[in-house]
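FYI, the numbering just counts along the sequence from 1. Every heavy atom of this structure was used, including side-chain atoms; hydrogens, water molecules and symmetry mates were not. The structure displayed is predicted, hence computed values, not measured ones.
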Amino acid sequence: MATAESCTGGGIGYALTSVAGSSQWFEGGFITYSNALKQHLLDVPASTLEQSGAVSGATAEAMARGARKKADTELAVAVTGVAGPTGGSNDKPIGLVWFGLAWPEGSCSWSKQFGGAGRRSGMPQ
């Protein structure tokens with residue numbers, strides 16, 4: 001398994017590696033906070049970022065597919081969102097997080113709106 005993280009900044013990888021024996025199934029992760037690194041390290045198409053934005057299902061899926069391919073794993077999970085306390089919009093409010101999952105036969109994405117007003121209140125930890 002591999003991770004591709006944006007708004008969580010490595011938090012998922014940290015949580016996974018805190019589990020004893022995770023070296024048997026966790027290959028590593030990519031922290032791609034900027035759009036430039038999403039493109040460079042994970043091959044997220046510029047057109048996806050331009051059309052859907054960094055915080056979107058399309059980007060989360062592309063991140064997961066890129067992490068799976070680059071890390072040569074069976075499974076990859078990705079996360080991108082608006083951590084706050086600023087930067088939200090009507091379409092993408094603070095606390096909106098998109099998750100992506102990729103496996104050999106495909107990929108999917110889903111979103112969750114977390115409560116709170118920023119990085120530590122209501123965001124996944």
Side-chain angles (χ1 to χ4, degrees):
M1 153 173 219
T3 61
E5 301 183 58
S6 186
C7 64
T8 50
I12 295 171
Y14 175 79
L16 293 173
T17 57
S18 69
V19 175
S22 59
S23 62
Q24 298 297 313
W25 47 266
F26 183 62
E27 189 69 25
F30 302 86
I31 301 172
T32 56
Y33 208 65
S34 72
N35 286 351
L37 276 184
K38 286 175 180 69
Q39 292 175 71
H40 180 72
L41 294 179
L42 300 174
D43 296 332
V44 174
S47 60
T48 298
L49 293 164
E50 291 165 9
Q51 293 169 8
S52 301
V55 180
S56 67
T59 296
E61 280 191 59
M63 289 170 65
R65 286 191 304 267
R68 186 176 118 28
K69 179 181 174 188
K70 297 284 184 159
D72 192 26
T73 59
E74 290 289 313
L75 182 68
V77 64
V79 63
T80 183
V82 184
T86 61
S89 68
N90 287 337
D91 291 339
K92 297 178 183 182
I94 293 168
L96 175 64
V97 177
W98 277 95
F99 301 90
L101 189 62
W103 62 96
E105 294 80 24
S107 62
C108 67
S109 63
W110 67 96
S111 67
K112 177 154 176 64
Q113 177 65 53
F114 291 92
R119 296 172 186 273
R120 291 309 230 185
S121 72
M123 290 298 291
Q125 298 178 32

Validation row: Val55, Trp98 side chains within 4.5 angstrom (heavy atoms): yes
Nearest atoms (heavy-atom pairs only) where Leu96 meets Ser111: CD1-CB, 4.0 Å
Distance in Å, Lys112 NZ paired with Phe99 CZ, rounded so as to fall on 0.5 Å steps: 8.0 Å
Side-chain donor-acceptor pair present, Glu50, Ser47, cut-off under 3.5 Å: no
Validation row: Glu5, Thr32 side chains within 4.5 angstrom (heavy atoms): no
Considering all heavy atoms, the nearest Leu37-Ile31 contact: CD1-O, 4.2 Å
Shortest non-hydrogen separation from Ala62 to Pro45 and the atoms involved: CB-CD, 4.3 Å
Heavy-atom closest contact (Pro93 atom, Val82 atom, distance): O-CB, 3.7 Å
Within one Ile-Leu-Val-Met-Phe-Trp-Tyr cluster: Val79 and Leu49, side-chain cutoff 4.5 Å: no
Spacing of CH2 belonging to Trp25 relative to CD belonging to Glu74, to within rounding of 0.5 Å: 15.0 Å
Between Lys38 and Ser6: side-chain donor-acceptor atoms closer than 3.5 Å: yes
Ala46 to Gln39 - nearest heavy-atom pair and separation: CB-OE1, 3.4 Å
SB check Arg65 Asp43 (cutoff 4.0 Å): no
Thr3/Phe30 under side chain to side chain contact (heavy atoms under 4.5 Å, CB included): CA gap, chis, key distance, verdict: CA-CA 6 Å; Thr3 61; Phe30 302 86; over 6 Å; no
Contacts of Ala58 that satisfy side chain to side chain contact (heavy atoms under 4.5 Å, CB included) - sequence neighbours left out: Thr48, Ser52, Ser56
Shared hydrophobic cluster for Tyr33 and Leu42 (ILVMFWY, side-chain gaps under 4.5 Å): no
Atom pair CZ/OG1 of Phe26 and Thr17 - distance to nearest 0.5 Å: 6.5 Å
For Gly81 against Cys7, the heavy-atom pair lying closest together: N-SG, 3.4 Å
Straight-line distance of Glu61 CD to Trp110 CH2, nearest 0.5 Å: 9.5 Å
Distance (rounded to the nearest 0.5 Å) between Met63 CE and Leu41 CG: 10.5 Å
Nearest-0.5 Å distance that lies between atom CH2 in Trp103 and atom CZ in Arg68: 10.0 Å
Between Glu27 and Thr73, a side-chain donor and acceptor under 3.5 Å: no
Leu75 vs Leu101 side-chain heavy atoms within contact, under 4.5 Å: yes
